[in-house]
Amino acid sequence: MEFLTEHFDDFVNGFFRSLSIALWGAVGSLLLGTLLAVFRVSPIPVLQGFGAAYVTLVRNTPLTVLLFGMAFGVPGLGINASFYLFGVVTLILYTAAFVCEAIRSGIATVPIGQAEAARAIGLTFGQSLGLVILPQAMRSVVPPVGSVIIAMIKNSAVVGAAGVGSDLFSVYKRMTSALGYAPLPVLTAVAVAFLIMTLSTGALLALAERRMAVAR
Amino acid sequence: MRLIRSAALAGAVALALSACGGGEDIEAEAPEPVAAEEAEFEAGSTMAELSEAGEMTIGTKFDQPGFGLRGLDETPDGFDVRIAQYIAAQLGIEADKIKWVESPSSQREDLIVNGDVDMVVATYTINDKRKERITFAGPYYVAGQQIMVKKDDSTISGPEDLKANPDVKICSVTGSTPAENIREYLASPDQLVTFEVYDDCVTQLENGQVQAVTTDNVILVGYVAENEGKFKLVGEQFTEEPYGIGIEKGDTAFCEFINESLEKAAEEGYYEEAWKETAGAYEGTEVPELPELEPCA
């Protein structure tokens with residue numbers, strides 16, 4: 001564990017780098033995923049089709065393919081941005097497909113009578129979804145969306161392979177290869193760092209679930 | 001037993017050769033190293049084991065022009081490959097009995113420690129940290145780190161310009177020595193972009209995602225030559241990178257054997273010949289001399 005004392009700063013920097021990737025990934029994919037779910041349940045066929053096509057395409061493509069397509073393909077088209085941004089955007093695009101499906105399953109748990117009643121009192125589609133359906137749906141989607149977000153945090157380790165320097169993955173590579181530390185202790189420390197992220201996410205989710213619970 | 005058997009075999013071969021009667025000297029100007037026939041090693045040593053097996057596994061790069069580059073055929077070629085073939089030949093192992101394993105920078109120690117390869121000849125810089133896990137023979141070449149940029153780029157003319165231009169991104173291989181060396185020249189660690197292989201760095205230089213690529217000069221020269229007119233090298237070499245041959249830690253006898261083989265290669269002119277046909281074929285390289293070898297400890 002000598003690397004921890006000798007390179008503590010690098011390790012902490014790597015942790016915060018990975019954390020920021022995961023945080024932006026979570027915020028972005030929750031927003032985009034919700035939007036996609038709204039598309040899929042909307043009465044407009046074009047939006048429904050778009051949502052369904054997006055989910056089918058993105059959910060069934062390996063994350064690494066999307067990531068390298070972004071990091072190598074997009075600059076080839078003349079669009080340049082930092083690899084950090086490419087990485088975060090890829091994570092958001094990928095995870096949003098799963099978030100969308102989890103939320104859609106939540107919407108399906110709300111009895112159809114709720115939607116009919118909302119329409120009967122004259123609410124528009126947006127109003128009935130935003131005021132009646134989604135608030136109820138969100139309660140039941142906390143566990144599945146939570147699983148998706150935790151999986152996303154772990155997936156974020158892959159981003160380091162596509163040019164993003166100084167995240168935990170790059171720190172691990174640097175420690176074990178350039179600086180020659182034995183892999184196992186470094187990997188253990190990286191695993192602990194990820195556990196800090198995932199376990200605290202899990203705790204937050206448990207809290208959210210308790211807060212949103214209603215007696216039925 | 002083993003020693004006696006191989007000695008007997010060697011005797012038989014020598015007899016057979018002399019029976020042919022004053023044949024021509026086939027070694028003269030041969031581009032392929034000729035497998036030593038009178039190979040004789042102490043029983044139990046790595047050399048005896050490999051010699052007896054008649055085959056060995058060698059780790060090298062598959063993506064480094066001039067040193068280890070694998071094209072459409074299965075066998076890679078380059079200076080590293082030629083050096084490895086020569087050492088194998090000294091063990092009586094023919095070139096086609098060598099199994100090549102791709103050894104990216106970040107996996108070299110593990111390949112050796114796990115016993116996946118018998119040795120690694122892969123633009124492998126000797127350093128103390130690596131010596132904690134493996135043993136190095138050599139060095140057989142001293143490279144130096146340099147910077148490659150696009151041909152029309154005039155912002156960067158050496159490592160010193162990186163601090164003054166914090167927007168410039170420079171690419172190298174994840175966990176490699178060059179990536180480590182360049183850190184002190186950077187305004188922030190975010191300037192460093194890393195990928196698994198140099199090919200990816202070069203693609204990103206073309207894409208404009210990074211403005212410079214840094215690693216040992218010889219590797220960069222290969223890319224400059226391969227992509228004619230696209231890239232150029234800038235600045236002086238700012239490091240000394242002695243390339244060694246990685247073997248299992250503590251195998252002093254094997255290390256000494258490799259060092260003797262290297263000296264022999266230099267004496268016979270094989271070293272120079274191999275250089276000229278591989279890395280030396282590119283513009284702007286000089287024929288090196290075999291550097292002073294480090295004692296095997």
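Predicted model only: the values in this text are computed from it and were never measured.
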Q.
Which residues pass the side-chain hydrogen bond (donor to acceptor under 3.5 Å, both in side chains) test with B/Ser172, not counting sequence neighbours?
A. none

Q. Heavy atoms under 4.5 Å from chain A: which residues of residues 127-158 of chain B carry them?
A. B/Asn127, B/Lys129, B/Arg130, B/Arg133

**Q.** Contact origin within B/Ser176 toward chain A - heavy atom pairs under 4.5 Å
**A.** backbone

Q | Part of A/Ile79 within contact of chain B (heavy atom distance under 4.5 Å) | A | backbone

Q: Name the member of A/Gly78, A/Ala182, A/Pro75, A/Ser82 that forms the most heavy-atom pairs with chain B at distances under 4.5 Å.
A: A/Pro75

(Q) Suppose we call two aromatic rings close when their centres sit under 6.0 Å apart. Are B/Phe195 and A/Phe68 close by that rule? (A) no

**Q.** Residue, of B/Asp200, B/Val173, B/Thr177, B/Thr125, that accumulates the most heavy atom pairs under 4.5 Å with chain A
**A.** B/Asp200

Q. Is it true that a side-chain atom of B/Glu196 and a backbone atom of A/Ala162 form a donor plus acceptor pair closer than 3.5 Å?
A. no

Q) Given that the side chain runs from C-beta out, which part of B/Val113 has a heavy atom under 4.5 Å from chain A: side chain, backbone, both or neither? A) neither

Q) Is B/Glu102 atom CD crowded by more than 12 heavy atoms from other residues, nucleotides or ligands, each under 6.0 Å away? A) yes

Q. Quick one: CZ on A/Phe72 to CD on B/Gln209, what's the gap to the nearest 0.5 Å?
A. 9.5 Å

Q | Segment of B/Glu109 engaging chain A (4.5 angstrom heavy-atom cut-off) | A | side chain

Q | For A/Lys173 against B/Thr174, the heavy-atom pair lying closest together | A | CB-CG2, 3.1 Å

Q. When rounded to the nearest 0.5 angstrom, what is the spacing between CZ in A/Arg17 and CG in B/Asp190?
A. 4.5 Å

Q) Between A/Phe86 and chain B, which part of the residue has a heavy atom less than 4.5 Å away: side chain, backbone, both or neither? A) side chain

**Q.** chain A interface, residue from B/Pro178, B/Ala179, B/Gly208, B/Pro189 that has the most non-hydrogen pairs under 4.5 Å
**A.** B/Gly208

Q.
Please determine whether the number of non-hydrogen atoms from other residues, nucleotides or ligands lying under 6.0 Å from atom NZ of B/Lys99 exceeds 12.
A. no

Q. More than 12 foreign heavy atoms under 6.0 Å from CD of A/Gln127: is that the case here?
A. yes

Q: Apply disulfide bond (SG atoms under 2.5 Å apart) to A/Cys100 and list each qualifying residue two or more places apart in sequence or on a separate chain.
A: none

(Q) Is it true that, when you exclude B/Glu236 itself, more than 12 heavy atoms of the residues, nucleotides or ligands shown sit nearer than 6.0 Å to its CD? (A) no

Q | Taking every non-hydrogen atom, the tightest pair across A/Asn80 and B/Asn207 | A | ND2-O, 3.1 Å

Q.
Could you work out, with salt bridge (charged side-chain N to carboxylate O under 4.0 Å, His left out) as the rule, every residue matching B/Asp63, not counting sequence neighbours?
A. none

Q) Is there a side-chain contact between B/Val210 and A/Phe83, using heavy atoms and a 4.5 Å cut-off? A) yes

(Q) Quick check on A/Trp24: does its CH2 atom have over 12 non-hydrogen neighbours (other residues, nucleotides or ligands) under 6.0 Å away? (A) no

Q: Before accepting this row, confirm whether a basic side-chain N of the pair A/Asp10/B/Arg183 lies closer than 4.0 Å to the acidic partner's carboxylate O.
A: no

**Q.** Where A/Pro183 and B/Asp110 come nearest, the two heavy atoms and their spacing
**A.** CG-OD1, 4.0 Å

